[in-house]
Enquirer: 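Okay, here's the structure, questions in a sec.
We count ligands from 1, going down the list as the structure has it; atoms in each ligand are counted the same way. Numbering starts at 1 and runs along the sequence shown.
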Amino acid sequence: MEETSLLSLPEGMVVEQIQITENGISVEVVATTPTSCCPLCSEPSSSIHCHYRRVLRDVPCAGRRVQLFLTVRKFSCRNPLCQQKVFAERLPAFVEPWARLTIRYCQQITSIGLATCGKGGVRLAARLGIQTTRQTILRRVMDLPDLPPASILYLGIDDFSFRRGYRFGTILVNLESRRVVDLLPDREAETSAAWMRKPLDLMAVSRDRGGEYASAAREGAPQAIQCADRFHLLKNLGEALEGLLARHLATQCKRETQAILDEQALAWQSQRAVRISPKLERLQQSRREERLAHYEQVIALRKVGLSQAAIARQVGIGASTVQSWLAAGTFPERKPREQASHVDRYLPYLFQRWEDGCHNIAGLFRELVEQGYQGSYESVRDNLVRLLPTGRKNPAHSSLKSPPLATSRQAVFLFLRRLEKLCVEEQETGAKLRQLHSEIDLAYDLVQQFVQMLHNRRGECLDAWLDQVASSELPELQSFAAGVEKDKDAVKNGLTWWINNGMVEGHVTKLKLIKRQGYGKAGFPLLRKRVLHAL
Ligand SMILES: [Zn+2]
């Protein structure tokens with residue numbers, strides 16, 4: 001009896017003997033219930049006709065395989081009206097007629113299949129002492145029955161991708177029981193509508209802002225109210241806001257750049273007029289030393305007989321410079337700055353072009369020549385290299401331009417969150433952004449109103465909000481509002497009802513995980529089974 005309860009056998013089955021062999025554990029079991037019911041007429045019978053043996057594989061015990069040698073009986077049906085004369089006793093909760101595996105053994109294989117995939121499942125099962133094949137695991141999962149259609153009052157619907165961005169399916173979630181109720185192989189309106197036509201008692205459908213599921217719900221469940229998902233609403237609002245902010249931040253950036261350029265050009269010219277700054281003087285001095293070192297190197301290399309081209313390569317300067325230096329006979333000092341001042345009046349143009357991204361000095365030089373510049377190429381180059389904020393050899397200048405407050409995307413994040421959710425630093429950045437332009441300030445107010453409305457479920461305020469946007473002259477928000485207007489009832493419901501697609505998104509994440517584990521050749525039907533019966 002103790003062994004019986006240890007192995008957890010059904011009532012009436014008694015362990016007679018346990019043998020531990022090299023391959024596992026063999027258990028002799030006999031059935032002892034005095035009567036059994038005829039499967040045809042359900043009449044109990046105690047008249048034993050004969051005994052026979054069944055060999056069953058059972059769940060492993062402490063990692064050892066377990067084989068049951070089960071002695072069962074055949075009974076004679078004593079009901080004279082029954083056509084079944086002899087019947088084998090049934091053990092319905094334990095083993096199916098004719099099966100060679102116990103039901104609980106099969107269930108373990110199914111669980112392994114649901115938690116892993118075919119091949120991985122075989123490996124895991126082997127570790128657990130269960131011998132099976134990939135095909136068996138897949139068949140077990142595929143044999144799982146579909147859940148019978150039950151009443152679903154609140155349905156969440158969304159799409160998911162089989163292959164990122166290529167092919168999509170539809171996921172349907174019961175928002176009350178929080179369970180996936182079905183997967184559909186595409187995201188066509190007609191497929192979803194056909195599904196919703198089932199007798200489900202649908203009261204409300206939460207869906208994205210796309211048209212397909214809206215029309216599916218309209219066709220398939222016209223009685224149900226539709227709720228536009230709040231996350232999707234915020235996402236759309238965020239996109240509109242990003243457009244507006246990007247527009248203003250770009251203008252602001254240009255304005256700042258221009259101010260810096262103007263300031264620099266002025267500074268340069270005033271330096272010229274008065275005196276060269278000590279910093280520039282130091283820079284000039286070190287540049288002279290560098291040039292002198294190059295000169296001496298050129299002379300030395302010439303003495304050992306290198307060609308001009310070879311010297312140029314070795315020293316890293318232009319061949320024409322080598323030529324002119326050798327011809328000069330002595331170290332050629334740079335001409336005084338004042339003589340190179342042709343470039344002054346072109347400086348704003350040069351700075352602007354550089355800031356626009358044209359960093360080709362030779363190209364810029366040609367542009368200046370076309371505009372009538374008569375100075376030297378070197379003068380253009382030196383001015384650019386030394387003085388521009390992005391000048392390569394003068395990192396001190398790169399800090400002249402302050403970093404932008406935020407990218408438009410970061411700004412959207414700050415604007416969409418409720419103020420109390422932001423840290424002090426974020427709040428300050430937000431405030432500075434708002435000061436940039438009255439349109440940004442207004443957009444912030446409108447967006448925050450929408451966020452509050454969404455957060456506090458105040459859908460009744462939507463009309464007033466739309467009116468405000470209409471009179472705001474903010475094209476980006478107006479375009480968002482136009483989208484809302486087209487789908488206004490659903491948006492209002494979404495801003496009022498408790499349901500939304502957050503849970504559906506959670507299930508999509510889980511689905512992706514299952515999908516990555518592989519559902520291979522069995523394709524969509526297997527994926528569907530695994531998601532519907534996910535552990
Ligand atoms: Zn019978």
Side-chain angles (χ1 to χ4, degrees), residues 1-19 21 23-61 64-114 125 129-133 135-151 198-199 525 529 532-533 535:
M1 192 59 202
E2 273 166 12
E3 288 113 344
T4 310
S5 49
L6 182 69
L7 283 174
S8 153
L9 294 171
E11 210 176 318
M13 293 176 70
V14 174
V15 173
E16 287 224 308
Q17 199 188 359
I18 295 182
Q19 225 183 346
T21 66
N23 293 326
I25 301 173
S26 306
V27 186
E28 292 278 350
V29 181
V30 291
T32 58
T33 40
T35 60
S36 184
C37 288
C38 167
L40 199 64
C41 66
S42 304
E43 191 91 2
S45 167
S46 58
S47 164
I48 294 167
H49 178 262
C50 65
H51 291 81
Y52 71 103
R53 283 187 101 191
R54 289 179 73 176
V55 182
L56 301 174
R57 173 66 51 84
D58 197 12
V59 289
C61 178
R64 285 202 166 99
R65 291 185 197 158
V66 173
Q67 201 150 35
L68 299 183
F69 294 89
L70 181 60
T71 304
V72 281
R73 298 152 300 175
K74 285 187 178 177
F75 288 84
S76 306
C77 182
R78 291 298 183 190
N79 180 356
L81 300 173
C82 181
Q83 290 182 347
Q84 186 96 37
K85 296 299 168 213
V86 174
F87 63 91
E89 70 180 315
R90 305 283 159 115
L91 306 160
F94 192 64
V95 61
E96 311 250 15
W98 319 117
R100 299 165 65 96
L101 309 174
T102 60
I103 288 173
R104 59 191 184 188
Y105 188 73
C106 294
Q107 282 168 343
Q108 288 201 353
I109 295 177
T110 311
S111 300
I112 289 170
L114 286 174
I130 296 174
Q131 197 180 16
T132 186
T133 63
Q135 288 76 13
T136 307
I137 290 179
L138 295 182
R139 200 179 57 243
R140 290 277 160 214
V141 174
M142 289 308 292
D143 282 349
L144 284 169
D146 276 353
L147 305 169
S151 159
K198 291 188 209 171
K529 288 282 183 193
L532 289 183
H533 295 274
L535 304 172

Enquirer: Which protein atoms of type N, O or S are found under 2.8 Å from the Zn ion (ligand 1)?
Expert: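 Listed by chain and number, the atoms are Cys38 SG, Cys41 SG, Cys77 SG, Cys82 SG.
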Enquirer: Holding to salt bridge (Lys or Arg N to Asp or Glu O under 4.0 Å), I want the full list of residues that pass it with Glu28, two or more places apart in sequence or in another chain.
Expert: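 For Glu28, the residues satisfying salt bridge (Lys or Arg N to Asp or Glu O under 4.0 Å) (neighbours in sequence not counted) are Arg53.
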Enquirer: Apply salt bridge (Lys or Arg N to Asp or Glu O under 4.0 Å) to Arg73 and list each qualifying residue two or more places apart in sequence or on a separate chain.
Expert: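 Result, salt bridge (Lys or Arg N to Asp or Glu O under 4.0 Å) vs Arg73: Glu89.
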Enquirer: Locate the shortest heavy-atom distance separating Ser36 from Phe87; write the atom from each residue and the value.
Expert: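 Closest pair (atom of Ser36, atom of Phe87, distance): O-CZ, 3.5 Å.
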Enquirer: List in chain and number order the residues that pass side-chain hydrogen bond (donor to acceptor under 3.5 Å, both in side chains) with Thr133, two or more places apart in sequence or in another chain; answer none if no residue qualifies.
Expert: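 Once residues adjacent in sequence are excluded, the partners of Thr133 under the side-chain hydrogen bond (donor to acceptor under 3.5 Å, both in side chains) criterion are Thr136.
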Enquirer: Check for a donor-acceptor pair, side chain of Lys74 on one end and backbone N or O of Tyr52 on the other, with a separation under 3.5 Å.
Expert: no
Enquirer: Apply the side-chain contact (heavy atoms from CB on, under 4.5 Å) test between Leu56 and each candidate in Leu91, Val29, Val95, Val66; give the one that qualifies.
Expert: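 The side-chain contact (heavy atoms from CB on, under 4.5 Å) with Leu56 is passed solely by Val95 among Leu91, Val29, Val95, Val66.
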